[in-house]
Amino acid sequence: MTRLCPLFSGSSGNSYYIGSSEEGILIDAGKSAKQVENSLKENGLDIKNVKAIFVTHEHSDHIQGLRVLSSRHNIKVFSSLGTIEALSEKNLINSKTDISPIDVNGTEAAGMYIKPFRISHDCREGFGYVVEGNDGRKTAFATDTGYLSEEIKKSLTGCDTVVLESNHDVGMLQCGVYPYVLKKRILSDIGHLSNETAADEAVELVKSGTTRLVLAHLSRENNIPDLALRASLCALEQNGMKQDIDFMLSVAPVANLSGSIIY
């Protein structure tokens, strides 16, 4: 049985396990290798069963443990060519890192099929991913994007589960302590999705058949889990959709210490 287990989510680090108890993959490794190893163990998973790491982009909250994890456990790494170039230029990978550009048409790992799609972020060449299990069910990971392009929306449509960025509350961001330049960057088309944008997309996704929504990559300074949850929940309910009947909605934890598994 395929399981989705968020290990870390948010401004300080991001990593997700998807697969069976016997083998699976990581989407990002944004905490230290030791933290990722410990989180897997706490959630009943073994780092030895991780067959590949799929990197979304080169920012530190997505790759902090990548080099050590991949070399220590001989784990294959996939990402875009642009991300590989950026990691290499910053010396964030080395000769021991077994890294390859992912085929734009997708690749197979741990008995699943992983297909990338482009995101809009201030990085070299960011990707989101759709993971299809051997049962045909699809899970999408769409974070770190300033807006939802037609390519992204097309990739998410038809997925059973979507991990969707709900990064900030616009009011909190605008009234917060961040400098103007950073606020402008977050609100731009190469920044992050707001609660409101995530809520609007959640409605469209449930209409198209998505049954599980996981709000992710919440800002520690400019968001509160309850705000993000309420924004999407209210939008869904206003469109006549009911929690636990038409959809299941949750927020990915900053650090998963409870063994929480989405499915």
Side-chain angles (χ1 to χ4, degrees), residues 4-18 25-40 43 47 50 52-70 75 77-80 82-93 97 99 116 118-129 140-146 163-169 172-173 176-179 181-188 190-195 198 214-225 228 251-257:
L4 167 62
C5 183
L7 304 177
F8 301 99
S9 177
S11 307
S12 61
N14 299 272
S15 187
Y16 300 84
Y17 177 92
I18 183 168
I25 64 171
L26 292 180
I27 304 294
D28 288 331
K31 287 285 192 178
S32 72
K34 189 65 175 177
Q35 286 173 298
V36 173
E37 290 165 353
N38 287 343
S39 182
L40 285 166
N43 288 285
I47 185 64
V50 175
I53 303 172
F54 288 77
V55 178
T56 58
H57 63 293
E58 70 272 14
H59 290 172
S60 61
D61 58 323
H62 295 263
I63 55 85
Q64 184 182 345
L66 178 67
R67 182 169 59 186
V68 175
L69 274 175
S70 60
I75 302 172
V77 180
F78 295 94
S79 70
S80 70
T83 295
I84 294 173
E85 292 172 347
L87 291 171
S88 179
E89 290 168 9
K90 296 178 180 180
N91 295 316
L92 296 172
I93 53 176
T97 309
I99 188 167
R118 288 178 173 80
I119 55 175
S120 177
H121 198 48
D122 57 346
C123 57
R124 185 71 61 87
E125 187 185 7
F127 276 168
Y129 295 102
F141 297 83
T143 67
D144 298 81
T145 188
V163 178
L164 180 65
E165 179 170 60
S166 190
N167 176 258
H168 59 276
D169 174 83
M172 285 184 69
L173 175 63
V177 298
Y178 278 8
V181 172
L182 181 54
K183 291 179 182 179
K184 185 177 179 181
R185 173 244 170 188
I186 292 170
L187 292 168
S188 74
I190 55 171
H192 293 279
L193 297 182
S194 68
N195 290 346
V214 184
L215 304 178
H217 208 295
L218 275 64
S219 168
R220 181 175 53 224
E221 293 80 11
N222 302 304
N223 212 350
I224 300 170
V251 175
V254 173
N256 189 352
L257 304 175

Are the side chain of [X] and the backbone N or O of [Y] linked by a donor-acceptor pair below 3.5 Å?
| X | Y | result |
| --- | --- | --- |
| Lys183 | Gly176 | yes |
| Ser39 | Val36 | no |
| Ser9 | Val254 | no |
| Ser70 | Leu66 | yes |
| Asp169 | Asn222 | no |
| Asn43 | Leu7 | no |
| Glu165 | Ala142 | no |
| Asn14 | Gly30 | no |
| Gln64 | Gly13 | no |
| Tyr178 | Ile186 | no |

Quick one: [atom1] on [X] to [atom2] on [Y], what's the gap to the nearest 0.5 Å?
| X | Y | atom1 | atom2 | result |
| --- | --- | --- | --- | --- |
| Leu92 | His59 | CG | NE2 | 11.0 Å |
| Ile63 | Ser15 | CD1 | OG | 12.0 Å |
| Ile84 | Ile99 | CD1 | CD1 | 4.5 Å |
| Cys123 | Glu58 | SG | CD | 5.0 Å |
| His168 | Leu193 | NE2 | CG | 8.0 Å |
| Ser88 | Ile93 | OG | CD1 | 5.0 Å |

A side-chain contact here means heavy atoms from C-beta on lying under 4.5 Å apart; do [X] and [Y] qualify?
| X | Y | value |
| --- | --- | --- |
| Ile47 | Ile75 | yes |
| Val55 | Ile53 | yes |
| Thr83 | Phe127 | no |
| Val214 | Leu164 | no |
| Phe54 | Leu26 | no |

Next on the checklist: Could you work out, with ring-ring contact (aromatic ring centres under 6.0 Å, His included) as the rule, every residue matching Phe8, not counting sequence neighbours?
Outcome noted: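 Scan of Phe8 (ring-ring contact (aromatic ring centres under 6.0 Å, His included), adjacent residues dropped) gives none.
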
Do you know the tightest heavy-atom contact between [X] and [Y]?
| X | Y | result |
| --- | --- | --- |
| Ala252 | Tyr16 | CB-OH, 4.2 Å |
| Leu218 | Pro225 | CD2-CA, 3.5 Å |
| Leu69 | Ala29 | CD1-CB, 3.8 Å |
| Glu125 | Ser80 | O-OG, 2.6 Å |

Next on the checklist: Does the plane of the ring in His121 sit parallel, tilted or perpendicular to the ring in His57? Use 30° and 60° as the thresholds.
Outcome noted: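 If you compare the ring of His121 with that of His57, the planes turn out perpendicular.
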
Checklist entry - Will you find, in the side chains of Gln35 and Ser32, an N or O donor that is under 3.5 Å from an N or O acceptor? => result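 Gln35 vs Ser32: donor-acceptor pair found between side chains.
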
Checklist entry - Can you find a side-chain donor-acceptor pair between Asn195 and Asn223 that sits under 3.5 Å? => result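 Checked: Asn195/Asn223 side chains pair up, N/O donor to acceptor below 3.5 Å.
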
Checklist entry - Under 6.0 Å between the ring centres of His62 and His217? => result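 Ring centres of His217 and His62 closer than 6.0 Å.
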
Checklist entry - Do Cys5 and Asn256 pass the side-chain contact (heavy atoms from CB on, under 4.5 Å) test, and can you show the C-alpha distance, the side-chain angles, and the key distance before you say yes or no? => result CA-CA 8 Å; Cys5 183; Asn256 189 352; 3.6 Å; yes

Item to check | Derivation of the side-chain contact (heavy atoms from CB on, under 4.5 Å) call for Thr56 and Tyr129 | outcome: CA-CA 8 Å; Thr56 58; Tyr129 295 102; 4.1 Å; yes

Next on the checklist: I'd like to check the salt bridge (charged side-chain N to carboxylate O under 4.0 Å, His left out) partners of Glu221; sequence neighbours left out, ordered by chain and number.
Outcome noted: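 Residues passing salt bridge (charged side-chain N to carboxylate O under 4.0 Å, His left out) with Glu221: none at all.
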
